[in-house]
Amino acid sequence: MDKLIIRGDRKLSGEVLISGSKNSALPIMAATLLTEERCVITNVPSLSDVHTMIKLLESLGKKIIFEQGRLIIDTVDSKKHVAHYKLVRTMRASFCVLGPLLGRLGKAKVSLPGGCVIGVRPVDLHIKGFMALGAKIKIKQGYCYAEADTLHGGEIFLGGAFGSSVLATGNVMMAAVLAKDRTIIDFAACEPEVVDLAECLNKMGAKITGAGTPRITIDPVKKLKGFTHNVIYDRIEAGTFLAFGIMTRSNITIKNVSPNHLLAVLDLFKTMNQEISSSKDSIKIKKIRNINPVDISTLPFPGFPTDLQAQFMALLCLAKGISVVTEKVYPDRFMHVPELNRMGAHIIRNGEIAIIKGNRVLQGAEVMASDLRASAALVGAGLSAKGKTTIHRIYHLDRGYDKIDMKLKKLGADVERKK
Ligand code: EPU
């Protein structure tokens, strides 16, 4: 298992190139199950989650070449419909193969993904959506069996106790594209990754309108074809590097980014008293001042993303006062709190709320990465801390950040990956 050693308290400088979005690439890869024709996906980040999805698609009859960010996906067996536990359990996005398999073959058997360190993460909304389209669903021995002679389409309200669901919206959208009649998804997730998936499905011949709004309409088509699609850039990686920049008081520039996908984050930086400028595809940290404390609530897009909560909590340890972070999407996503406290932070958690006492000087320490974004928070803390930080179990980081150590080194950070 690799660990990351960071010698902190150094300024960074220069530009960082953001990679393609993991959360866009994974459902788009699953969408290739809707056709037997060749599909080409570009700007795909080289991450362990992408490699897991490759293995899963291969087990479902695809032949895949992955070279320099380009996936070429062909079909060798179009009848396979079983996604096994050993591939689904490591990554929840695997459940997204259910929609396209059900849509094209009329049947699928997909392992239930199970729990996860950031919370319970059920799949009831996915199932509710498939049933509303006309599928029969059975849960047996940890697997979800879905079957339908024809999916008839329909109007589906896809809101849950925690708002909309990104992957449920994508999964149901993929099942509905080949349904007999029109489907309308109400309370659809509005995330840019849903829009990217819808654009890709439309290239395949689907008729989807309204993606990016809470009401998506899907008109029926008979067959879908192959496509070439360039995945959008990763807004969460971009936000993470911006947090690193402010934490290390560094005027870095983030390239390959859509500022429109980060409006909540850019607005928050203003409240924090930081001067940031953005152009069409880059964001620059212009002037770093004392960091004002802020109150953040994580929310579905266009609100502040839960996937940046941990990184910003590390940043708020350096603010000049007390901040409050409320986690509205995953109320248990606080694994980073005890580790940050070991580095000298002063964070008190009470349910879905964390109170962060600022004005801290973080100290290097040995810490444990627990999930993807918690690991990124520890990297930020390590970069700003005095002394040496060793982050164990960084395979979590490799699930979502393409060559993060190389990118940090290029910015001048003292970072070393060790076995
Ligand atoms: N939820 C339900 N029932 C469902 C599905 C979701 O109650 O059937 C709840 C969840 O438990 C959560 C909320 O709805 O409280 C939102 O979850 P959502 O379904 O939107 O999450 P997801 O689609 O499973 C994607 C990303 C996550 C990201 C969330 C929220 C992928 C592969 N994953 O997950 O990314 O946090 O949307 O934006 O797209 C990450 O990259 O670190 C990550 C966890």
| query | Does a side-chain N-to-carboxylate-O contact under 4.0 Å join Lys63 and Asp74? | reply | no
| task | Give, for atom CD1 of Ile72 and atom OG1 of Thr32, the distance between the pair rounded to the nearest 0.5 Å. | result | 13.0 Å
| query | Okay, side chain of Thr169, backbone of Ala189: is any donor-acceptor separation there less than 3.5 Å? | reply | yes
| task | Show the numbers, then the answer: is there a side chain to side chain contact (heavy atoms under 4.5 Å, CB included) between Met247 and Ile291? | result | CA-CA 9 Å; Met247 289 189 82; Ile291 304 166; over 6 Å; no
| Does any non-hydrogen side-chain atom of Tyr143 lie less than 4.5 Å from one of His84? | yes
| Counting only heavy atoms not in Lys86, do more than 12 fall under 6.0 Å of its NZ? | no
| field | Rounded distance [0.5 Å steps], NE2 in His336 versus CG in Asn341 | value | 10.5 Å
| Can you list the residues that meet the ring-ring contact (aromatic ring centres under 6.0 Å, His included) rule with Phe162, with sequence neighbours excluded? | none
| query | Does the side chain of Glu191 reach to within under 4.5 Å of the side chain of Arg235, using non-hydrogen atoms? | reply | yes
| Main-chain N/O of Arg289 paired to Gln274 side chain as donor or acceptor, under 3.5 Å | yes
| remark: Result for salt bridge (Lys or Arg N to Asp or Glu O under 4.0 Å) between Asp2 and one of Lys418, Arg393, Arg417 points to Arg417
| request: Establish, yes or no, whether the cationic atom of Arg92 lies under 6.0 Å from the six-membered ring centre of Phe95 and within 45° of the ring axis. | output: no
| request: Show your working on side chain to side chain contact (heavy atoms under 4.5 Å, CB included) between Val50 and Leu26 and close with a plain yes or no. | output: CA-CA 7 Å; Val50 166; Leu26 295 173; 4.3 Å; yes
| task | Inspect the surroundings of NZ in Lys109 and state if more than 12 heavy atoms from other residues, nucleotides or ligands are less than 6.0 Å away. | result | yes
| task | Apply side chain to side chain contact (heavy atoms under 4.5 Å, CB included) to the pair Ser19 and Lys403, showing each step before the final yes or no. | result | CA-CA 9 Å; Ser19 301; Lys403 301 177 200 71; over 6 Å; no
| query | Can any side-chain N or O of Glu193 pair as donor or acceptor with the backbone N or O of Ser21 at less than 3.5 Å? | reply | no
| query | Can we call the ring centroids of Tyr233 and His261 under 6.0 Å apart? | reply | no
| If you measure only the distance, is there a donor-acceptor pair under 3.5 Å linking the side chains of Glu327 and Thr298? | yes
| Under 6.0 Å from the OH atom of Tyr145, do we count more than 12 heavy atoms belonging to anything else shown? | yes
| task | Could you pull out the closest heavy-atom pair between Leu167 and Pro27, with the gap in Å? | result | CD2-CG, 4.0 Å
| Short question: side chain of Lys407, backbone of Leu17 - any donor-acceptor pair under 3.5 Å? | yes
| said: Looking at every non-hydrogen atom in both residues, tell me the closest pair between Ser279 and Pro259 and how far apart they are. | reply: O-CG, 3.1 Å
| CE of Met131: more than 12 outside heavy atoms within 6.0 angstrom? | no
| Are any non-hydrogen side-chain atoms of Lys80 and Ser59 less than 4.5 angstrom apart? | no
| message | I'd like to know whether CZ of Arg349 has more than 12 heavy-atom contacts from other residues, nucleotides or ligands below 6.0 angstrom. | response | yes
| request: Please assess Ser48 against Tyr395 for the test side chain to side chain donor-acceptor pair (under 3.5 Å), listing each intermediate value before the final yes or no. | output: CA-CA 8 Å; Ser48 55; Tyr395 59 85; over 6 Å; no
| Under 3.5 Å: donor-acceptor pair, side chain of Asp196, backbone of Ile232 | yes
| field | Nearest-0.5 Å distance that lies between atom CD1 in Ile355 and atom CG in Leu316 | value | 13.0 Å
| said: One pair to check against side chain to side chain contact (heavy atoms under 4.5 Å, CB included): Val76 and Glu58. What are the steps and the verdict? | reply: CA-CA 9 Å; Val76 283; Glu58 283 172 343; over 6 Å; no
| said: If we ignore hydrogens and angles and just use 3.5 Å, is the side chain of Glu155 paired with the main-chain N or O of Ile184 as donor and acceptor? | reply: no
| task | Keeping the roles fixed (side chain from Ser323, backbone from Val294), state whether a donor-acceptor pair exists under 3.5 Å. | result | yes
| Within residues 371-390 or reaching into it, pairs that qualify as salt bridge (Lys or Arg N to Asp or Glu O under 4.0 Å) - sequence neighbours excluded | Asp9-Lys386
| message | Quick one: does any side-chain atom of Ser250 pair with a main-chain N or O of Leu12 as donor and acceptor, under 3.5 Å? | response | yes
| task | Verify, without hydrogens or angle tests, whether Asn251 (side chain) and Lys286 (backbone) share a donor-acceptor contact under 3.5 angstrom. | result | yes
| query | Is there side-chain contact between Lys320 and Asn359, with at least one heavy-atom pair below 4.5 Å? | reply | yes
| field | Polar contact flag, side-chain donor to acceptor under 3.5 angstrom, Ser278-Lys284 | value | no
| said: Below 30° counts as parallel, above 60° as perpendicular, anything between as tilted: where do the rings of Phe269 and Phe312 land? | reply: tilted
| message | Less than 4.5 Å apart, side chain to side chain, heavy atoms only: is that true for Leu411 and Thr248? | response | no
| What distance do Met91 atom CE and Asp49 atom CG have between them, rounded to the nearest 0.5 Å? | 5.5 Å
| task | Classify the side-chain pair Ser46/Asp402 by whether it contains a donor and acceptor separated by less than 3.5 Å. | result | no
| said: Quick check against the 3.5 Å criterion: does Asp295 have a side-chain atom that pairs as donor or acceptor with the backbone of Val324? | reply: yes
| task | Please examine the side chains of Leu372 and Tyr401, heavy atoms only from C-beta on, and report whether any two atoms are closer than 4.5 Å. | result | yes
| field | Greater than 12 external heavy atoms within 6.0 Å of Lys357's NZ | value | no
| request: Determine whether Leu315 and Cys317 make a side-chain contact, defined as any pair of heavy atoms from C-beta on separated by less than 4.5 Å. | output: no
| Looking at Ile208 and Ala198, what are the two nearest heavy atoms and their distance? | CG2-CB, 4.0 Å
| query | Below 4.5 Å, heavy atoms only, C-beta onward: do Ile254 and Phe244 meet side chain to side chain? | reply | no
| said: To the nearest 0.5 Å, what is the distance between CG on Leu133 and OG1 on Thr183? | reply: 5.0 Å
| task | Working to the nearest 0.5 Å, report the span between CE of Met343 and CD1 of Ile391. | result | 7.0 Å
| task | Taking atom NZ of Lys203 as the centre, report whether more than 12 heavy atoms of other residues, nucleotides or ligands fall under 6.0 Å from it. | result | yes
| said: Taking CG in Asp77 as the centre, count heavy atoms belonging to other residues, nucleotides or ligands within less than 6.0 Å. Is the count above 12? | reply: yes
